[in-house]
*Asks:* 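This is the structure I want to talk about, given as structure tokens.
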Amino acid sequence: MIWIELIIAGLFETLWATTMKYSQGFTKIGFTVITVIGMILSFYFLSRATKILPLSIAYPIWTGIGAVGSIIIGVILFQDRLSPLTWMFVGLLVVSIIGIKLTNT
């Protein structure tokens with residue numbers, strides 16, 4: 001269950017990063033409110049995960065999920081262009097996240 005909460009925390013990190021972009025420097029109130037709520041929920045679920053998981057495991061997975069999620073959102077919603085080499089490194093990040101999870105005892 002704690003891993004599910006950590007994944008949820010990472011997904012909320014992706015949400016708040018995306019809505020922060022849409023807030024245009026916190027000038028659009030609706031997106032600003034969603035950003036703040038997303039931040040609170042992301043940190044809440046991360047804090048729950050760190051009650052059980054070591055920080056050295058939880059934090060990199062949280063940031064990794066947020067990073068990969070933000071990359072995917074950037075490509076889909078904002079038409080960000082990534083080179084094949086960049087995609088390779090994104091893949092390595094995904095492999096690293098999975099590796100950290102699988103090797104955590």
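Not measured: the values here are computed from a predicted model.
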*Asks:* State the CG-CE distance between Leu15 and Met39, to the nearest 0.5 angstrom.
*Replies:* 10.5 Å

*Asks:* Check whether any side-chain heavy atom of Phe45 lies under 4.5 Å from a side-chain heavy atom of Ile4, and answer yes or no.
*Replies:* no

*Asks:* Of all heavy-atom pairs between Ala49 and Ile2, which one has the smallest distance, and what is that distance?
*Replies:* CA-CD1, 3.5 Å

*Asks:* Applying side chain to side chain contact (heavy atoms under 4.5 Å, CB included) between Ile37 and each of Ile40, Ile34, Val33, report the one that passes.
*Replies:* Val33

*Asks:* Looking at every non-hydrogen atom in both residues, tell me the closest pair between Thr32 and Ser23 and how far apart they are.
*Replies:* OG1-CB, 3.6 Å

*Asks:* Could you give the distance from CG (Leu53) to OG1 (Thr50), rounded to the nearest 0.5 Å?
*Replies:* 8.0 Å

*Asks:* Please check if Met88 and Val94 belong to a single hydrophobic cluster, counting links between Ile, Leu, Val, Met, Phe, Trp and Tyr side chain heavy atoms closer than 4.5 Å.
*Replies:* no

*Asks:* Any side-chain heavy atom of Phe12 within less than 4.5 Å of one from Leu46?
*Replies:* no

*Asks:* Strictly distance-based, threshold 3.5 Å: is any side-chain N or O of Thr86 a donor or acceptor partner for the main-chain N or O of Leu82?
*Replies:* no

*Asks:* Would you name the heavy atoms of Ile65 and Leu6 that are closest together and state the gap between them?
*Replies:* CD1-O, 4.2 Å

*Asks:* Scan the side chains in residues 68-80 for donor-acceptor partners under 3.5 Å anywhere in the protein, sequence neighbours excluded, and list what turns up.
*Replies:*
{"from": "Ser70", "atom 1": "OG", "to": "Gly66", "atom 2": "O", "distance (Å)": "2.8"}
{"from": "Gln79", "atom 1": "NE2", "to": "Ile76", "atom 2": "O", "distance (Å)": "3.4"}

*Asks:* For residues Thr63 and Glu13, report the shortest heavy-atom separation together with the two atoms involved.
*Replies:* CA-OE1, 3.7 Å

*Asks:* Linking directly or through intermediates, with side-chain heavy atoms under 4.5 Å: list the remaining ILVMFWY members grouped with Val95, chain and number order.
*Replies:* none

*Asks:* Do Ile98 and Ile100 share a hydrophobic cluster (ILVMFWY, side-chain heavy atoms under 4.5 Å, transitive)?
*Replies:* yes

*Asks:* Mind listing the closest non-hydrogen atom pair of Leu93 and Gly64 along with its distance?
*Replies:* CD2-O, 4.4 Å

*Asks:* Could you name each residue pair satisfying ring pair (Phe, Tyr, Trp, His ring centres under 6.0 Å) that touches residues 79-98, not counting sequence neighbours?
*Replies:* none

*Asks:* Taking only residues at least two apart or on different chains, which pairs with a member in residues 36-49 satisfy side chain to side chain donor-acceptor pair (under 3.5 Å)?
*Replies:* Glu5-Arg48, Ser42-Trp62

*Asks:* Leu41, Met20: one ILVMFWY side-chain cluster at the under-4.5 Å cut-off?
*Replies:* no

*Asks:* Knowing that exactly one of Phe26, Trp16, Tyr22 qualifies, which makes a ring pair (Phe, Tyr, Trp, His ring centres under 6.0 Å) with Phe31?
*Replies:* Tyr22

*Asks:* Filter on salt bridge (charged side-chain N to carboxylate O under 4.0 Å, His left out), then keep only pairs touching residues 89-99, sequence neighbours left out; what's left?
*Replies:* none

*Asks:* First locate atom CG of Asn104, then atom CD1 of Ile57, and finally report the distance between them rounded to the nearest 0.5 Å.
*Replies:* 4.5 Å

*Asks:* Side-chain heavy atoms nearer than 4.5 Å, only ILVMFWY residues, links allowed to pass through others: does that put Ile61 and Leu102 together?
*Replies:* yes

*Asks:* Which residue pairs satisfy the salt bridge (charged side-chain N to carboxylate O under 4.0 Å, His left out) criterion with at least one member in residues 17-41, sequence neighbours excluded?
*Replies:* none

